[in-house]
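None of these values were measured; they are calculated from a predicted model. For this chain, numbers begin at 1 and follow the sequence in order.
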Amino acid sequence: VVDDVEPTAEELERLTAGGQAAVGSGATFVVEPIEIGPRHYYESAVGLAMAVPGILRKIIDRQDAFDAALLGCFGDPGLRAARAVATIPVIGAAEAATALVRLVAQRYGVATIVDSDVPEIEVYLAGLEARASCVGVDAIGLPFYELVRDPADTLDRLCLLYTSDAADDLTR
């Protein structure tokens, strides 16, 4: 479930291809956007909250067509509420990533896209009781759609983030 009302065809194709590669040839990965949600305030507490009604509606309406649902947002908007209304497993991207990283690392950092995401991720990690292991949450300064339009710029920004003085703070 993509927490976006109007993703581009390219974005849907990119997400579908990535998901299909992850689940393999024995399964089918389908990406569906929400019909109710924010058209602005996207990367903030307001945007996350505004996406929840659309996510819940999508889960309620479409769950019979699927074996599970994955929320396609690192903020996991409405995850607990979606699980409450679902008859299928609902997986949060941030929750799953946090569980995986905790299997392979005692300490980790999170690189996100924009500064308004930082406090939301920190609060979410605290709720997962994972904040103590996280050495920091930093933003590379790109809105989501800019991130995917220019992967080279995204990688450059990520490298700069972790080769600057900020990286020194994260490793202490």
Review point. Do the side chains of Ile55 and Leu79 join up, straight or via other hydrophobic residues, at under 4.5 Å, putting them in one cluster?
Key: yes
Fill in: Note: Glu32-Arg62 ion pair, threshold 4.0 Å (strictly below)
yes
Quiz item: Taking side chain as C-beta onward, heavy atoms only, is Ile140 less than 4.5 Å from Thr154?
Solution: yes
Report task. For salt bridge (Lys or Arg N to Asp or Glu O under 4.0 Å), just list the numbers for Glu35 and Lys58, CA-CA rounded to whole Å, side-chain angles, deciding distance to a tenth of an Å, and then say yes or no. Result -> CA-CA 8 Å; Glu35 286 93 27; Lys58 180 63 71 171; 2.9 Å; yes
The residue among Val30, Ile59, Leu70 that forms side-chain contact (heavy atoms from CB on, under 4.5 Å) with Val1 is Ile59
Regarding Glu10 and Arg149, does a basic nitrogen lie under 4.0 Å from an acidic carboxylate oxygen?
no
Asp150 and Glu146, any side-chain heavy atoms less than 4.5 Å apart:
no
| said: Determine whether a donor-acceptor pair (N or O, by modelled atom type, separation under 3.5 Å) exists between the side chain of Asp76 and the backbone of Ala93. | reply: yes
Glu13 meets the salt bridge (charged side-chain N to carboxylate O under 4.0 Å, His left out) criterion, sequence neighbours left out, with none
Are Val118 and Ile121 linked, directly or through intermediate hydrophobic residues, by side-chain heavy-atom contacts shorter than 4.5 Å (ILVMFWY only)? yes
Result for side-chain contact (heavy atoms from CB on, under 4.5 Å) between Val110 and one of Asp138, Val101, Leu125 points to Leu125
query: Arg157 side chain to Gly141 main-chain N or O, any donor-acceptor pair under 3.5 Å?
result: yes
Q) Within the side chain of Arg83, is there an N or O that forms a donor-acceptor pair under 3.5 Å with the backbone of Val90? A) yes
